[in-house]
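Here the structure is laid out as structure tokens; the discussion comes afterwards.
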2 protein chains.
Amino acid sequence: MCVPGYDKRPPGYDKYAFEPFAVTVDLAVFTIRDGALRVLLVERGQSPYAGQRALPGGFVLPDESAETAAARELAEETGLSDVTGLHLEQLRTYSDPDRDPRMRVVSVAFAALVPDPPEVRGGGDAARADWLPYGTGAYGPLAFDHDRILADAHDRIGSGIENTCLATAFCPPEFTLGELRGVYEAVWGAGLDPANFRRKVLATPGFVKPVHGAARLTGGRGKPAALYKAGPATALHPPLLRPTAEGRPS
Amino acid sequence: MCVPGYDKRPPGYDKYAFEPFAVTVDLAVFTIRDGALRVLLVERGQSPYAGQRALPGGFVLPDESAETAAARELAEETGLSDVTGLHLEQLRTYSDPDRDPRMRVVSVAFAALVPDPPEVRGGGDAARADWLPYGTGAYGPLAFDHDRILADAHDRIGSGIENTCLATAFCPPEFTLGELRGVYEAVWGAGLDPANFRRKVLATPGFVKPVHGAARLTGGRGKPAALYKAGPATALHPPLLRPTAEGRPS
DNA sequence: CTCTTTATAGTCGGTAAGACCATAAAGAGA
DNA sequence: TCTCTTTATGGTCTTACCGACTATAAAGAG
């Protein structure tokens, strides 16, 4: 259960007892595909939890911070060459002594938002990785405490788009207000009134900026929509509350 | 910089390179005294940062989670025999490779709220601990990255009392609305209209419950105020926004 | 050509919040 | 004792916002 070297202490800490832990990062990577919220999950090939799905992740290397390690893992698991600009946010740390039956592992969890779902490369250290619909039973119980981590991540994203401009992190550089509304509907699992949503977003200074000039996008049905890009604002005042908003704890 | 035993790996992890880290908890413990927000700080007696103030904290023991370690440290540093019921919330994890010049230390930071400021006992592993006014220059730069941790903790508390019933965690079991308002004013550093604050709090179901019967508290000047206790609610809908609320990032 | 779908503009009523006023009830100081 | 100050509490007024709703525009599907 303990890492070797437990009884050795570097100079300066001789008076204190401490145990060295393995530190990992776990990533809850979300995207929107076909109007539904999806999460990137790998399939474990070895014990424990062999065959079950798990969040992608890995060890923090000696010269890395948890944030650096998370960005590296994000690039590796998604196959994206450049993850700068993607939203990558530290969630919290999970440190239950029994959370990994093999050894003592402390895991720093992150939530990441990816605009366009690129196909996942099959290689790497993970057996397989897929974008699976969140919360629809498309996957069984996750390995370790990853069900809880994923639920916490979803909570964080859900309240994040309420109070900040986070929703644009799901969108491509230029997007329509319908696409932005689709982000809220996918994350919250609730429908929003298009007209009221539009009024609210446009009334928030710095949330979105219109792309002037040739600013029409065709592709789907209905009247072509104007294009917007993310504005400079980061917080939403007042927040864009959920429709049936009730009892969302801290 | 590295803990000995770095090149040894337990069974099951042979294919992976990882470095064992020391894991600590750091606590930002707040209270309200004399209408001002104060934070518990220790004075370091040894290098590095000898003589500077620092957040209380310590190592996570082998059989502890970070939460357990934080509760233990909270009891040790405040001298409180029972810390159950106190608000103790994980903030985030700080893992910069250079944050401790002696060795690689990953620290899980917590924010704690204490109602009544008990006098700090002088003993323990910390040289000295005092409740110092937050953000008034009563202490110089803190050791390590504790200035940033403390600022993050203050941010979290500030937005926490906006969206949740967290403010009652600063109050004794029974309190007046004036005392509750004092919490908001101390944390936000801004004045609030007593009448509007009262209307808002009483209109939020489950925020506070009146203590019926003998429900008057004397002690200060002015008309005696009715007593309330914390209600069952945990979230505030809609939130109790700051007066000059602008630009509060995620 | 008509129907469906989506975007966009506008209206209406209710609620919440800030600013402000008025009264009540205590202590402080003359 | 009387007055002033301080705090609690109740109320009004006005503005802003938000949900519900209607109407129009502009595309594709059949």
Side-chain angles (χ1 to χ4, degrees), chain A residues 34-35 161-163 171 174-186 188 190-205 207-212 214-228 235-246, chain B residues 34-35 161-163 171 174-186 188 190-212 214-228 233 235-246:
Chain A
D34 305 327
I161 62 176
E162 227 171 4
N163 301 94
C171 295
E174 300 189 343
F175 51 86
T176 69
L177 292 187
E179 291 169 346
L180 186 64
R181 181 165 46 85
V183 171
Y184 282 87
E185 293 176 332
W188 288 343
L192 296 177
D193 183 85
N196 290 337
F197 178 82
R198 173 190 190 78
R199 180 191 11 163
K200 171 69 183 171
V201 169
L202 294 182
T204 303
F207 192 178
V208 296
K209 292 186 300 184
V211 178
H212 63 286
R216 306 236 144 221
L217 172 71
T218 179
R221 307 262 283 279
K223 179 179 173 179
L227 284 179
Y228 294 85
L236 257 43
H237 284 287
L240 206 159
L241 294 174
R242 287 172 168 85
T244 64
E246 271 318 308
Chain B
D34 306 327
I161 62 176
E162 230 172 2
N163 300 95
C171 295
E174 298 189 345
F175 51 88
T176 68
L177 293 187
E179 291 169 346
L180 186 64
R181 181 167 45 85
V183 171
Y184 282 87
E185 294 176 332
W188 287 345
L192 297 177
D193 182 86
N196 291 337
F197 178 82
R198 172 190 191 77
R199 177 185 14 147
K200 171 70 184 173
V201 169
L202 295 182
T204 303
F207 193 177
V208 296
K209 291 186 301 185
V211 178
H212 64 286
R216 305 238 145 218
L217 173 72
T218 179
R221 306 262 283 279
K223 178 179 174 179
L227 285 179
Y228 295 86
L236 255 45
H237 284 288
L240 207 158
L241 294 175
R242 287 169 167 87
T244 65
E246 274 315 309

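Just so we're on the same page: letters track the sequence lines, and every chain starts at 1. Quick caveat: nothing in here was measured; it's all calculated off a predicted structure.
Judged by closest nucleotide on DNA chain C, P238(B) is the one of P238(B) and G222(B) placed further toward the 5' end. Both Y228(A) and A195(B) lie close to DNA chain C; mapped to their nearest nucleotides by heavy-atom distance, the more 5′-ward contact belongs to Y228(A).
For dA9(C), one of the phosphate oxygens OP1 or OP2 lies less than 4.0 angstrom from a side-chain nitrogen or oxygen of R198(A). OP1 or OP2 of dA8(D) has at least one side-chain nitrogen or oxygen of R181(B) nearer than 4.0 Å. For K200(A) and dC18(D), the shortest distance from a side-chain N or O to OP1 or OP2 is below 4.0 Å.
As rounded to whole Å, 11 Å separates atom P of dT6(C) from atom CD of E185(A). Note: CZ (F197(B)) to P (dA8(D)) measures 11 Å, nearest angstrom. The interatomic distance linking D193(A) (CG) with dT6(C) (C1') rounds to 13 Å, in whole Å. The CD atom of E162(B) sits 16 Å away from the C1' atom of dA16(C) (whole-angstrom rounding). Rounded to a whole Å, the CG atom of L192(A) is 11 Å from the P atom of dA20(D). The interatomic distance linking R242(A) (CZ) with dC18(D) (P) rounds to 16 Å, in whole Å. Rounded to whole Å, atom C1' of dC18(D) lies 10 Å from atom CG of L240(A). The NE2-C1' distance, from H237(B) to dA16(C), rounds to 15 Å in whole Å.
The two atoms that bring F197(B) and L177(B) nearest to each other are CE2-O, 3.7 Å, heavy atoms only. Scanning both residues, E185(A) and L192(A), for their nearest heavy atoms gives OE2-N, 2.9 Å. Between G191(B) and P243(B), the shortest heavy-atom contact is O-CG, 4.0 Å.
Across the strands present, dT15(C) finds its partner in dA16(D); the criterion is a Watson-Crick or G-U wobble pair with both atom distances under 3.5 angstrom. Summarising the base pairing, dG30(D) is matched to dC1(C) through a Watson-Crick or G-U wobble pair whose two defining distances lie under 3.5 Å.
Rounded to the nearest 0.5 Å, atoms CZ (R198(B)) and CG (D193(B)) are 12.0 Å apart.
Which of dT6(D), dA16(C), dT5(C) sits closest to the side chain of R221(A) comes down to dT5(C). Across dT5(D), dA7(C), dA20(D), the shortest atom-to-atom separation from the side chain of T176(A) is found for dA7(C). Of the candidates dG18(C), dA8(D), dT8(C), the closest approach to any side-chain atom of N196(B) belongs to dG18(C). The side chain of K223(A) lies closest to dT8(C) when the candidates are dG27(C), dG18(C), dT8(C).
For the pair Y184(A) (side chain) and I161(A) (backbone), a donor-acceptor distance under 3.5 Å is present.
Between the side chain of R199(B) and the base of dG18(C), a donor-acceptor pair under 3.5 Å is found.
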